[in-house]
J.: 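Take this structure first; my questions come after.
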Protein chains: 2
Amino acid sequence: MTDITRPVLPPLPVPAPQDDALFVDSIARGFRVLSAFHGAAGPLSLGEIAARSGLGKSAVQRIVHTLRQQGYLRRDPGDRGYLPGLRLLDHALDYQRLNPEIARVLPVLMELRAATGERVDFSLRDDLRLVYALRFQSKRGFYAASLIGTSVPLYCTAGGRAVLGRLPEDEAAAIIARSTLIPYSGRTLTDPDAIMARVAEAREAGFAIAEEQIVAGEIALGVPVLDETGHPIGAIHVAGSLAEWDADSFARNFAPLAMTAAGALNRR
Amino acid sequence: MTDITRPVLPPLPVPAPQDDALFVDSIARGFRVLSAFHGAAGPLSLGEIAARSGLGKSAVQRIVHTLRQQGYLRRDPGDRGYLPGLRLLDHALDYQRLNPEIARVLPVLMELRAATGERVDFSLRDDLRLVYALRFQSKRGFYAASLIGTSVPLYCTAGGRAVLGRLPEDEAAAIIARSTLIPYSGRTLTDPDAIMARVAEAREAGFAIAEEQIVAGEIALGVPVLDETGHPIGAIHVAGSLAEWDADSFARNFAPLAMTAAGALNRR
DNA sequence: GCAAAAGGTATCGCAAAGCGATACGGTCGT
DNA sequence: ACGACCGTATCGCTTTGCGATACCTTTTGC
């Protein structure tokens, strides 16, 4: 049995909120400190935070002090270093509550969950990646992968390819070119042309299928979600297990449902 | 049908991350701006943010600028004011990933979910409130109330009373005294003595039951989760509908399961 | 349709706020 | 027992970010 307490995802090199170090607001520094935890595997000490954030030790010291007394950072119970604090969840909640896209998608996604019986989720595009904003587990949701905020690259996910398919071809190619193409699983496509071929398929079909592009044994179907102007803002996923489905039957069963769901969102 | 896109919870006056305005770090100011959204019902303009955060317009202007280019804030698509940004989810994920308590509770909670078939969740204590850190919907999870980061008061929730029961009596009384006792539903207890009586019951039984203390039609069972020293750090909830259960049968069915689950966590 | 109000953006100089450097005590690991 | 590292504290210098102010655009009210 695998350790479900740790994210099942491979060591996704978290697409770091890179700051164009141009603007050196002190507020940005605060978030630099918090962002130091993005790649982290455990608690970080002051020194580690300083190293990861590129800030001086004194600066980190003061910033950590503030963040701690505000509840955005806390000491590890075992007294080894620091950890992100509970208050961060308050802001995540505000994001979900107030986001109009999420409000629009939520009911549709719940219906889709009921209709498919599989795991469904909604993710929003952020440059080269998709960030999961809403997730509904299936009954047999083994995964700790129901965590909000997880992000995956556009180039090797069903939703990502669905999104790319709704962008001008040169733009899609540019995105793939800017992405670091990592073979997460043995079957991950890393050849730009091969990826673009899949994107083209997705554009025509209106949905994309990805088989174990990131996690072994997983199959996912993605459809794009558009804004009023027709630009893709994110994607809806239906995810299942290859132990139960093959690509054809998965698509036959769920593509119509998923596309109907997305369609309800996209017109208007 | 109710509008499930809006939180089903009553207008919970969000226990605001109050800052003792002593430390006036500029980093704290950044979070003051983000915290302005806690009570908000929609997008906020610069002026509104300034008013809610108690900062000057110029300060807000600059801070918003920074937050926006970092992705922690964005403009409303309809071009009305500002909204929390996607990057906030990255930090929420770090919190969940790295938190040792959550890692400890997760597998147990998933088992409990399977065993009960009802909605289960784990919440952590933050002063006067419990913040939901993990949630697993039931099949008939109508609610958008599966959102992480939602918080509820200690005094009127099953988990809260379970937590209070593991604190010294004077401490529990002090917490209730400091809480603003609001009758969210018609049946919410607001008399301190009555609440303390429930807390005492919870202490003896090892679990607490709360019937529609916040949301009408909901019944919840809470058991405390302790750290190594025996102090309560949070609670596990099992939540169901009064349409299907009465308090007695709910307790008979789920108290043993929930207490076993918590027990597995609490020893050691 | 016009006046008034509010929203967003920009500039600029002064004061305060935060960083760098440095030093100290405690704890871990070898 | 020693050295490395971690967290804490102090203290000037300088940088940074705030307040005041002004301008333009959009919305509100009549």
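Quick note on labels: first sequence line is chain A, next is B, and so on, each numbered from 1. Values reported hereafter were calculated over all heavy atoms of this structure, with side chains retained and with hydrogens, waters and symmetry mates removed.
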J.: Do we see a donor-acceptor contact under 3.5 Å between the side chains of A:H91 and A:Y72?
T.: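 Short answer, yes.
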J.: Are there over 12 heavy-atom neighbours, none belonging to A:E111, within less than 6.0 Å of that residue's CD?
T.: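 Open: at most 12 neighbouring heavy atoms sit under 6.0 Å from CD of A:E111.
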J.: Nearest whole Å is fine: how far is D:dT8 P from A:H65 NE2?
T.: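 Spelled out: NE2 on A:H65 to P on D:dT8 is 9 Å.
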J.: Taking CG from A:L46 and C1' from D:dT8, how many angstroms apart are they, rounded to a whole number?
T.: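 A:L46 atom CG is separated from D:dT8 atom C1' by 9 Å.
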J.: How does protein reach along nucleotides 17-30 of chain C, written 5' to 3' as B (base within reach of a heavy atom under 4.0 Å), S (only sugar-phosphate), or - (no contact)?
T.: -SSBB------SS-
J.: In Å, rounded to the nearest 0.5 Å, how long is the span from OH of A:Y82 to CG of A:D76?
T.: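 Separation between the atoms: 11.0 Å.
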J.: Measure the acute angle between the ring planes of A:Y132 and A:H237, then classify it against the limits of 30° and 60° as parallel, tilted or perpendicular.
T.: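 Aromatic pair A:Y132/A:H237 classed tilted.
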J.: Residues two or more places apart in sequence or in another chain: which of them pass salt bridge (charged side-chain N to carboxylate O under 4.0 Å, His left out) with A:R166?
T.: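 Testing A:R166 for salt bridge (charged side-chain N to carboxylate O under 4.0 Å, His left out), a comparison that skips the adjacent residues, returns none.
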J.: Grab the CZ-C1' distance between A:R68 and D:dT8 for me, whole Å please.
T.: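 The distance from CZ of A:R68 to C1' of D:dT8 comes to 10 Å, rounded to the nearest Å.
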